[in-house]
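Each residue takes its place number in the sequence, starting with 1. Because the structure is a prediction, the values reported are computed rather than measured.
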Amino acid sequence: MFNRGLPILEKKEEGPFSSASASVAEQFDFMRQAEVEVNCKPEQWSEALAVGDQELRRALDHGFTATELAEASANITNHLQQAVKTAPT
């Protein structure tokens with residue numbers, strides 16, 4: 001859900017970065033790694049970092065709405081249903 005808002009910021013003409021993403025991975029029931037990545041022009045690194053930090057803090061502080069959660073759940077369900085339909089049997 002966090003990734004959903006990043007493309008909106010990417011498309012702004014005055015936006016400080018050209019692309020952004022976030023991910024979380026768990027490995028071997030031992031560690032969890034979280035990452036926010038923003039790609040920008042070298043001269044915009046400070047502003048891009050600040051916007052990425054601001055968006056992450058907004059998500060951590062305020063969470064997500066029921067509508068955002070429902071949309072993310074529907075997208076995942078649809079993706080899995082399509083995978084089942086197209087899987088070789």
Side-chain angles (χ1 to χ4, degrees):
M1 290 184 291
F2 179 74
N3 277 334
R4 196 172 149 257
L6 295 175
I8 295 167
L9 295 171
E10 289 171 19
K11 291 181 172 111
K12 288 185 176 181
E13 283 187 37
E14 69 279 358
F17 50 84
S18 57
S19 65
S21 64
S23 64
V24 176
E26 292 190 26
Q27 297 184 357
F28 311 113
D29 289 328
F30 177 70
M31 76 170 218
R32 179 181 296 156
Q33 175 182 342
E35 175 181 284
V36 175
E37 178 179 324
V38 293
N39 296 300
C40 64
K41 295 178 181 174
E43 63 273 10
Q44 292 180 304
W45 74 267
S46 181
E47 186 181 357
L49 180 62
V51 171
D53 177 59
Q54 175 185 346
E55 291 305 306
L56 177 59
R57 289 180 191 279
R58 182 187 336 261
L60 292 172
D61 290 344
H62 302 289
F64 300 99
T65 66
T67 301
E68 290 170 321
L69 180 58
E71 182 180 342
S73 178
N75 287 340
I76 291 168
T77 299
N78 183 52
H79 175 75
L80 293 173
Q81 289 172 340
Q82 294 305 314
V84 168
K85 288 179 184 177
T86 60
T89 55

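- Taking all atoms of both residues into account, the shortest heavy-atom contact from L49 to V38 is N-CG2, 4.5 Å.
- Partners of T77 under the side-chain contact (heavy atoms from CB on, under 4.5 Å) rule, at least two apart in sequence or in another chain, are S73, Q81.
- Here the OG atom belonging to S18 is positioned 9.0 Å from the NZ atom belonging to K41, to the nearest 0.5 angstrom.
- V24 belongs to no hydrophobic cluster with other residues, because no ILVMFWY side-chain heavy atom falls under 4.5 Å from its own, directly or through intermediates.
- N39 pairs by the side-chain hydrogen bond (donor to acceptor under 3.5 Å, both in side chains) definition with S19, E37, not counting sequence neighbours.
- Looking at residues two or more places apart in sequence or on another chain, you find no salt bridge (Lys or Arg N to Asp or Glu O under 4.0 Å) involving E43.
- Considering only residues two or more places apart in sequence or on other chains, Q27 meets the side-chain contact (heavy atoms from CB on, under 4.5 Å) condition with M31.
- One finds the CD atom of E71 at 11.0 Å from the CD1 atom of I76 (value rounded to the nearest 0.5 Å).
- Summarising the geometry of P16 relative to C40, their closest heavy-atom pair is O-CB, 3.1 Å, with the distance given to 0.1 Å.
- A search for side-chain contact (heavy atoms from CB on, under 4.5 Å) contacts involving V84 returns nothing, not counting sequence neighbours.
- Put simply, the side chain of E68 gets close to the backbone of T65: a donor and an acceptor are under 3.5 Å apart.
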